[in-house]
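Working notes, structure below.
All figures in this text were calculated on a predicted structure; none of them were measured in a lab.
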Amino acid sequence: MKLNIRDKFNKELPSDPRTDTARRQVTEACFSFVRPKEPGNPMLLHVSPEVLEALGLDSSTAASERFLKVFSGAEVLKNTNPYAMCYGGHQFGNWAGQLGDGRAINLCEVEHEEKKWALQLKGAGGTPYSRSADGLAVLRSSIREYLCSEAMHHLGIPTTRALSLMLSGDQVLRDMLYDGNPQYEKGAIVCRVAESFIRFGNFEIFTSRGDHETLKKLVDFTITNHFPHLGVPAKKTYLKFFQEVVHRSLEMVIHWQRVGFVHGVMNTDNMSILGLTIDYGPYGWLEGYDHGWTPNTTDRTYKRYRFGTQPQIVLWNLLQLANALYPLIEEAELLEEILMGYKNDLPRAYQNMMRQKLGLTTEQQADSQLITDLEALLQASETDMTIFFRQLANYKGEGSIPGIEVVQEAFYSLKEIDGKLKEQWDHWFLNYSERLKNENSANDKRKKAMNKVNPKYVLRNFMAQLAIDAADTGDYSLIDELFQLLKRPYDEQPEKEKWFVKRPDWARHKVGCSMLSCSS
């Protein structure tokens, strides 16, 4: 297997002197060397041809015994030293101390066609950061991560990628709902791929310990290897670095809001320094449009990470990153100025995104009210977000088919759209129709533009659960069916129309389809 290995993280940064996996506090080190646990009887379930090609590999390589061994953790590539990263993080608003790669092991770094890739196995065994856990993963969570990583990429959203999905051949004990009823499940391993898996928490841990020397080494390494265009590491460069992380993070979360993606666990240890969507745990897609919805059972009470507040949570997380970088800059007002820039840019970025969803190419003062009124109406009755915006592209304005009829498939109960609520909808469509008259583009051109930002197909939770249920019986065909569907989320794909539907009633309260745990 010919990979152009170019390891840097585990060669240029300080390492943990111990090489065992005993759970412990690791200080003055960015990582710990660790080897994956050998799986019992690995089996390849799926591979992403695109990611394979990005690494310089081909389909024949993926079919080889060597590929199976390396990406299941059974074999370590020659001249590589796998490791787990040390980081901390704020979890649900509170400092949690050391966290680290508890069930992720970085295999190596690869360069191909002037692009850098880090390869990481999720679910390949324990590390010093696993705490009381086993470092393994189960099939259901692995299917969700594998499919969603690639689906998000094809939606045009910055994300980590997924190379392969494997069965480990081992049984893993999990208490899925944390209710004292653990069960054995199929073990699985996903190979995740990204330019880097460095998180906000990688910097936070050193600042929290007053270890500014290691902090500087890591920041300088990150800039040199992943932000070289910013210049030689120095105070001015650190500010540019923070500014770019802020910009990328805003861009990422606006994309989430655009497609109705809810991360579920926006802790600072789950925030990529590259502005990538990272760590697909209890994520979810909006079924009924609801700013207050979160898919995470752990967050059921306070809903900190609900859909509507994701942009504000990103700002809060960026504040924690600013605090972590402060020892290298020592001028709070300069960092605050950058954070204020995010706060000022957010409303404009959000409104521009919503204008695109509505097919508006010009900017008018009344747009803000038009958007606000729409969001209130979408939440006044249960309305499917994906179907609504996709069908809205078919609306041709006043004098054509009434707006309610155009989008009626999006309502879970059309009977609810009656009386005062129907009047409000009619009024909104009247305003929308008047607004469209100020646009120069024809209806077909507007529809085409709207369909490029409003996906027809997303990985709804019930879809992933169907693939999981089938896989539990040994049928892995639905994994590939969804994988192929989600490669073209903006295309009509009429032969796959069965997936362009609202959540079925059976999935409303089914485990895995509504609320999920952090082990999901």
Original post:
Considering residues, nucleotides and ligands other than Gln484, do more than 12 of their heavy atoms fall under 6.0 Å from its CD?
Top reply: yes
Subject >> Beyond-backbone contact of His46 with Tyr476, side-chain heavy atoms, under 4.5 angstrom >> reply: no
Subject >> Check: Lys186 side chain, Ala471 main-chain N or O, donor-acceptor pair, under 3.5 Å >> reply: yes
Original post:
Considering residues, nucleotides and ligands other than Glu492, do more than 12 of their heavy atoms fall under 6.0 Å from its CD?
Top reply: yes
Original post:
Of all heavy-atom pairs between Ala467 and Leu482, which one has the smallest distance, and what is that distance?
Top reply: CB-CD1, 3.9 Å
**OP:** Would you name the heavy atoms of Phe389 and Met450 that are closest together and state the gap between them?
**Re:** O-CE, 4.3 Å
**OP:** Would you give the length of the straight line joining atom CD1 of Ile278 to atom CD of Glu145, rounded to the nearest 0.5 angstrom?
**Re:** 9.0 Å
**OP:** Begin from the C-alpha positions of Asn431 and Gln369 and carry the test side-chain contact (heavy atoms from CB on, under 4.5 Å) through to its verdict.
**Re:** CA-CA 10 Å; Asn431 289 337; Gln369 192 61 50; over 6 Å; no
Original post:
In this structure, are over 12 heavy atoms from other groups packed under 6.0 Å from Lys396 atom NZ?
Top reply: no
**OP:** Using the six-membered ring wherever Trp is involved, compare the ring planes of Trp428 and Trp425 and label them parallel, tilted or perpendicular (cut-offs 30° and 60°).
**Re:** perpendicular
**OP:** Write down the atom of Pro49, the atom of Val47, and the distance for their closest heavy-atom approach.
**Re:** CD-O, 3.2 Å
**OP:** I would like to know whether Thr294 and Asn296 meet side-chain hydrogen bond (donor to acceptor under 3.5 Å, both in side chains); could you show each step before the answer?
**Re:** CA-CA 6 Å; Thr294 175; Asn296 191 350; 5.7 Å; no
**OP:** Please determine if Arg304 forms a cation-pi arrangement with Trp316, meaning its NZ or CZ atom is less than 6.0 Å from the six-membered ring centre and no more than 45° off the ring axis.
**Re:** yes
Subject >> Identified side chain to side chain donor-acceptor pair (under 3.5 Å) partner of Asp384 from the options Arg503, Arg390, Gln391, Arg460 >> reply: Arg460
Original post:
Crowded around Ile401 CD1? As in, over 12 foreign heavy atoms under 6.0 Å?
Top reply: no
**OP:** Output, in order, the C-alpha distance, side-chain angles, deciding distance and verdict of side-chain hydrogen bond (donor to acceptor under 3.5 Å, both in side chains) for Gln257 and Gln310.
**Re:** CA-CA 8 Å; Gln257 305 307 104; Gln310 288 186 133; 2.6 Å; yes
Original post:
Is the side chain of Asn270 donor-acceptor paired with the backbone N or O of Asp279 at a distance under 3.5 Å, no angle test?
Top reply: no
Subject >> Nearest atoms (heavy-atom pairs only) where Arg446 meets Leu392 >> reply: NH1-O, 4.2 Å
Original post:
Lys357 versus Met385: any side-chain heavy-atom pair under 4.5 Å?
Top reply: yes
Original post:
Looking at Asn267, Asp299, Thr298, which hits side chain to side chain donor-acceptor pair (under 3.5 Å) with Tyr305?
Top reply: Asn267
Original post:
For Phe92 and His90, what are the C-alpha separation, side-chain angles and deciding distance, and is it a ring-ring contact (aromatic ring centres under 6.0 Å, His included)?
Top reply: CA-CA 6 Å; Phe92 298 96; His90 282 82; over 10 Å; no
Original post:
Are any of the side-chain heavy atoms of Met463 and Trp285 separated by less than 4.5 Å?
Top reply: no
**OP:** Write out all pairs satisfying salt bridge (Lys or Arg N to Asp or Glu O under 4.0 Å) with one or both partners inside residues 411-420, taking only residues at least two apart or from two chains.
**Re:** none
**OP:** Output the distance between atom CG (Leu276) and atom CD1 (Ile157), rounded to the nearest 0.5 Å.
**Re:** 12.0 Å
Original post:
Any sub-3.5 Å donor-acceptor pair from Thr277's side-chain atoms to Pro158's backbone N or O?
Top reply: yes
Subject >> Glu337 atom CD: more than 12 heavy-atom contacts under 6.0 Å >> reply: no
Original post:
Less than 4.0 Å between a side-chain N and a carboxylate O, is that true for Lys437 and Glu398?
Top reply: yes
Subject >> Main-chain N/O of Gln493 paired with Tyr457 side-chain donor or acceptor, under 3.5 Å >> reply: yes
Subject >> Gap between atom CH2 of Trp117 and atom OG1 of Thr160 - 0.5 Å precision >> reply: 10.5 Å
Original post:
Is a side-chain N or O of Asp475 found less than 3.5 angstrom from the main chain of Ser477, in a donor-acceptor match?
Top reply: yes
Subject >> Residues, nucleotides or ligands: over 12 heavy atoms within 6.0 Å of His112 NE2 >> reply: yes
Subject >> For Phe71 against Ser164, the heavy-atom pair lying closest together >> reply: CB-OG, 3.9 Å
Original post:
Under a 4.0 Å N-O cut-off, is there an ion pair linking Glu244 with Arg248?
Top reply: yes
**OP:** Working to the nearest 0.5 Å, report the span between CG of Leu466 and CG of Asn461.
**Re:** 11.0 Å
**OP:** For the residue pair Asn352 and Gln356, confirm or rule out a side-chain donor-acceptor distance under 3.5 Å.
**Re:** no
**OP:** Mind running ring-ring contact (aromatic ring centres under 6.0 Å, His included) on Tyr395 and Phe429 for me, showing each step along the way?
**Re:** CA-CA 9 Å; Tyr395 181 60; Phe429 272 106; 5.1 Å; yes
Original post:
Do you know which two heavy atoms are closest between Gly288 and Glu382, and how far apart they sit?
Top reply: CA-CG, 4.0 Å
Subject >> Test log, rule side-chain contact (heavy atoms from CB on, under 4.5 Å), inputs Gln320 and Phe200 >> reply: CA-CA 8 Å; Gln320 309 318 311; Phe200 289 13; 6.0 Å; no
Original post:
Should Arg508 and Glu287 count as an ion pair when the cut-off is N to O under 4.0 Å?
Top reply: no
Original post:
With no hydrogens and no angle check, is any side-chain donor or acceptor of Arg161 less than 3.5 Å from a backbone partner on Ser149?
Top reply: no
Original post:
Looking at side-chain heavy atoms only, is the closest gap between Arg435 and Leu358 below 4.5 Å?
Top reply: no
Original post:
Charged N to carboxylate O below 4.0 Å: is that the case for Lys343 and Glu336?
Top reply: no
Subject >> Asp491 CG to Asn451 CG distance, which is reported to the nearest 0.5 Å >> reply: 9.5 Å
**OP:** Look at the rings of Phe261 and Tyr280 and say which category their plane angle falls in: under 30° parallel, 30 to 60° tilted, over 60° perpendicular.
**Re:** perpendicular
Subject >> Note, Glu150 side chain near Val51 side chain (heavy atom, < 4.5 Å) >> reply: yes
Original post:
So, does Asn202 use its side chain to make a donor-acceptor pair with the main chain of Tyr87 at under 3.5 Å?
Top reply: no
Subject >> Note, Pro504 side chain near Phe462 side chain (heavy atom, < 4.5 Å) >> reply: yes
Original post:
How many angstroms lie between CG in Leu44 and SG in Cys191, if you round to the nearest 0.5 Å?
Top reply: 11.0 Å
Original post:
Would you say Glu195's side chain and Leu274's backbone share a donor-acceptor pair under 3.5 angstrom?
Top reply: no
Subject >> Check: Leu377 main-chain N/O paired with Tyr289 side-chain donor or acceptor under 3.5 Å >> reply: no
Subject >> Trace of the ring-ring contact (aromatic ring centres under 6.0 Å, His included) decision for His291 with Phe307 >> reply: CA-CA 5 Å; His291 279 194; Phe307 173 68; 5.8 Å; yes
Original post:
With distance as the sole test, does Arg199 use its side chain to make a donor-acceptor pair with the main-chain N or O of Thr268 at under 3.5 Å?
Top reply: no
**OP:** Give the intermediate values and the outcome of side-chain contact (heavy atoms from CB on, under 4.5 Å) for residues Leu339 and Leu318.
**Re:** CA-CA 7 Å; Leu339 290 170; Leu318 286 165; 3.8 Å; yes
